[in-house]
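In what follows, every heavy atom counts, from backbone to side chain, and hydrogens, waters and symmetry copies are set aside.
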Amino acid sequence: MRAVTTSPTPPDVDVVLPCLNEAGALPWVLSRIPEGWRALVVDNGSTDGSAGIARAYGATVVHEPRRGFGAACQAGLAAATADVVCFCDCDGSLDPTLLPPFVAEVRSGGADLVLGRRRPEHRGVWPAHARAGNLVLARLLRRRTGLRLRDLGPLRAARRAPLLALGLTDRRSGYPLQMVVRAADAGWRVTEHDVPYLPRTGASKVTGTWRGTWQAVRDMSRVLAEPPPSGPLPAAVASPGSEPRRPAAPAPTRGIPR
């Protein structure tokens, strides 16, 4: 067992891991956290001992009683102290060892928000209804912001202070999308990179059923229906020596820089 960083030394990077009954996946996920980084496991009401397993593997456990993916993610973001924060699912479907290049891109100023585009490694990993819903949302996102994203995956990295300044309010399944929408409205540079999508441990709480997928689509549709801001949103922190970036117009039509 390899424990993650728990020393009083400020962590190099914080990794937010929303968790609801993920006892089976936690040992693998936490063993994959890069050296010197801190895992923030946000227990969202688990009843299978997930919190105790997380502590045993050296993670910092944050309790968020309000159910919801967004509630857990925001609680982890609020508890983070590192300059750069990453997000990763806690079900074993995504590998945290893939995050260092994301962090490097943010720190170098190459991007303000880096997303992982999920590529299934095996048949059945990503149900057809979930992929279809994701495709529809990606197209709606492009219409709303101009961003040419192909996935809205949970593996991502950005700087903590600008993320907090976005004032994210969704506490359900719309949280990942709201982050991207508000980042685009603020003129952030958003990029995505392919990452393997692995078989998850246990049943999905969102996309494992048509009902769960429909609820997620409804949550995200509400986010897309939010009007663009009438005033400027906070720009991401520029890298040293670079020119400050201005917020984008409310309805940009640009694509992702390649």
Side-chain angles (χ1 to χ4, degrees), residues 13-16 69-70 73-74 76-78 80-88 94 98-118 134 137-171 173-195 219-220 222-258:
V13 174
D14 278 323
V15 184
V16 175
F69 183 79
C73 287
Q74 188 66 14
L77 177 59
T81 58
D83 176 47
V84 177
V85 176
C86 298
F87 295 83
C88 181
L94 295 166
L98 301 174
L99 284 168
F102 288 31
V103 172
E105 188 171 1
V106 170
R107 284 179 167 162
S108 69
D112 304 308
L113 176 62
V114 183
L115 309 175
R117 179 197 180 194
R118 293 167 292 183
N134 191 73
L137 287 169
R139 290 177 175 173
L140 293 174
L141 175 70
R142 177 181 175 184
R143 184 182 302 171
R144 165 65 174 77
T145 68
L147 291 177
R148 297 174 179 271
L149 297 177
R150 293 165 291 181
D151 189 14
L152 299 170
L155 195 70
R156 52 187 61 191
R159 294 189 183 274
R160 177 179 57 87
L163 277 175
L164 287 169
L166 289 178
L168 302 179
T169 58
D170 192 279
R171 296 296 180 262
S173 301
Y175 185 90
L177 176 62
Q178 189 180 57
M179 182 186 296
V180 175
V181 169
R182 294 199 176 182
D185 287 342
W188 290 24
R189 291 171 292 182
V190 182
T191 60
E192 65 177 358
H193 303 289
D194 290 352
V195 296
D219 291 344
M220 295 183 183
R222 282 195 291 267
V223 170
L224 289 169
E226 295 178 356
S230 57
L233 283 174
V237 177
S239 58
S242 64
E243 292 295 325
R245 292 184 292 281
R246 298 180 181 274
T253 56
R254 66 190 185 286
I256 301 175
R258 296 294 181 185

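- Not counting sequence neighbours, the partners of D151 by the side-chain contact (heavy atoms from CB on, under 4.5 Å) test are R117, R118, W126, N134, E192.
- For P176 against L152, the heavy-atom pair with the smallest separation is CB-O, 4.4 Å.
- With sequence neighbours left out, R222 forms a side-chain contact (heavy atoms from CB on, under 4.5 Å) with R172, Q215, R218, D219.
- Across all their heavy atoms, L98 and V195 have their closest contact at CD1-CB, 3.9 Å.
- Between W188 and L163, the closest side-chain pair of non-hydrogen atoms falls below 4.5 Å.
- Remark: D170 engages no residue in a side chain to side chain donor-acceptor pair (under 3.5 Å) (not counting sequence neighbours).
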Decide yes or no on side-chain contact (heavy atoms from CB on, under 4.5 Å) for R160 and L77, but give the supporting numbers first. CA-CA 7 Å; R160 177 179 57 87; L77 177 59; 4.1 Å; yes
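- Here the closest non-hydrogen pair linking A80 and V85 is CB-CG2, 3.7 Å.
- We find the CZ-CZ distance between F102 and F87 to be 13.5 Å, quoted to the nearest 0.5 Å.
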Just do the side-chain contact (heavy atoms from CB on, under 4.5 Å) check on R144 and V180 with the steps written out, would you? CA-CA 11 Å; R144 165 65 174 77; V180 175; over 6 Å; no
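- Residues satisfying the side-chain contact (heavy atoms from CB on, under 4.5 Å) criterion with P101, sequence neighbours excluded, are absent altogether.
- Residues A184 and T145 share a closest heavy-atom pair of CB-CB, 3.8 Å.
- For A82, the side-chain contact (heavy atoms from CB on, under 4.5 Å) criterion is met by P11, D14, not counting sequence neighbours.
- To the nearest 0.5 Å, the span separating CG on L177 from CZ on R182 amounts to 11.0 Å.
- Here T191 contributes atom OG1 and D112 contributes atom CG; the two are 9.0 Å apart, rounded to the nearest 0.5 Å.
- Under the side chain to side chain donor-acceptor pair (under 3.5 Å) criterion, Q178 pairs with T169, E226, not counting sequence neighbours.
- Proximity of V114 to R189: side-chain heavy atoms (C-beta onward) are nowhere separated by under 4.5 Å.
- Here the shortest heavy-atom pairing between V223 and G174 reads CG2-O, 3.7 Å.
- A 4.5 Å side-chain heavy-atom check between L149 and R142 finds every atom pair outside the cut-off.
- Contact between L94 and P154 at its shortest, heavy atoms only, is CD1-CG, 3.6 Å.
- Side-chain contact between M179 and C73: absent, with no pair of heavy atoms (C-beta onward) separated by less than 4.5 Å.
- Taken to the nearest 0.5 Å, the CZ atom of R156 stands 11.5 Å off from the CG atom of L99.
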